[in-house]
Amino acid sequence: GAESLAAEGDGAHDRPSLEPEVKTIETMRKFSNQYARVTDTYLCSDLSVAAVVITGLAHHKETLGAPLCPCRHYEDKEAEAKDGYWNCPCVPMRERHECHCMLFLEKDNCFASEVQTIDLEEIIRLKNT
């Protein structure tokens, strides 16, 4: 039936369900680097935090069509993605520079690094650590 047609050849079953495509990770990486610069915020000194969050955003972008915050629990992810409040950059981040994920940190935050960018190789290397 239609189910078997949909499952064949879409490539999604060839990789674990939580692994977004590299090009989507790259899109979210570019967004994060740019947004950190624009808002004068910094990545966490543990760069694996940024790697995991960016990968989670990419996963939601692929599966939900929007970069829903990956650091929260939702009863209904699809509804939340449509609502937009928790789509990155979320409302608390836009209004008060509050990032629950610790992706974007104010420079006086004790976990903030000196860097505002992460490269794709670092994300690939760190996202599963």
Does any part of the side chain of [Y], heavy atoms only, come nearer than 4.5 Å to the side chain of [X], both counted from C-beta?
X	Y	result
L47	V115	yes
C44	S113	no
F31	P67	no
H60	P70	yes
W86	C71	no

(request) May I have the step-by-step check of side-chain contact (heavy atoms from CB on, under 4.5 Å) for K61 and M28, ending in yes or no? (result) CA-CA 9 Å; K61 193 165 173 58; M28 296 316 304; 3.5 Å; yes
(request) Give a yes or no on whether a salt bridge exists between K127 and E19, defined as a side-chain N under 4.0 angstrom from a carboxylate O. (result)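 Here K127 pairs with E19 in a salt bridge, since their nearest N and O are under 4.0 Å apart.
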(message) Less than 4.0 angstrom from a charged side-chain N to a carboxylate O is my criterion; do R29 and E26 meet it?
(response)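 Salt bridge flag = yes for E26 with R29.
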(request) Evaluate the side-chain contact (heavy atoms from CB on, under 4.5 Å) criterion for residues E114 and Y42: first the C-alpha distance (whole Å), next the side-chain angles of each, then the deciding distance (0.1 Å), finally the verdict. (result) CA-CA 7 Å; E114 302 285 306; Y42 295 81; 5.5 Å; no
Is there a donor-acceptor pair under 3.5 Å between the side chain of [X] and the backbone N or O of [Y]?
X	Y	result
T24	P20	no
N87	C69	no
Q116	A36	yes

(message) Assess the residue pair M102 and V53 against the criterion (side-chain contact (heavy atoms from CB on, under 4.5 Å)); give the C-alpha distance rounded to whole Å, side-chain angles, the decisive distance to 0.1 Å, and a yes or no.
(response) CA-CA 9 Å; M102 296 178 65; V53 174; over 6 Å; no
(message) Minimum heavy-atom separation for L57 and L103, please, with both atom names.
(response)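 Closest approach of L57 to L103, heavy atoms only: CD1-CD2, 4.1 Å.
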(message) Tell me the closest heavy-atom pair linking T41 and Y35, and the distance in Å.
(response)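 Heavy atoms of T41 and Y35 come nearest at OG1-O, 4.4 Å.
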(message) Apply side-chain contact (heavy atoms from CB on, under 4.5 Å) to residues E80 and K77 and explain how you reach the verdict.
(response) CA-CA 5 Å; E80 291 288 354; K77 285 184 181 182; 5.6 Å; no
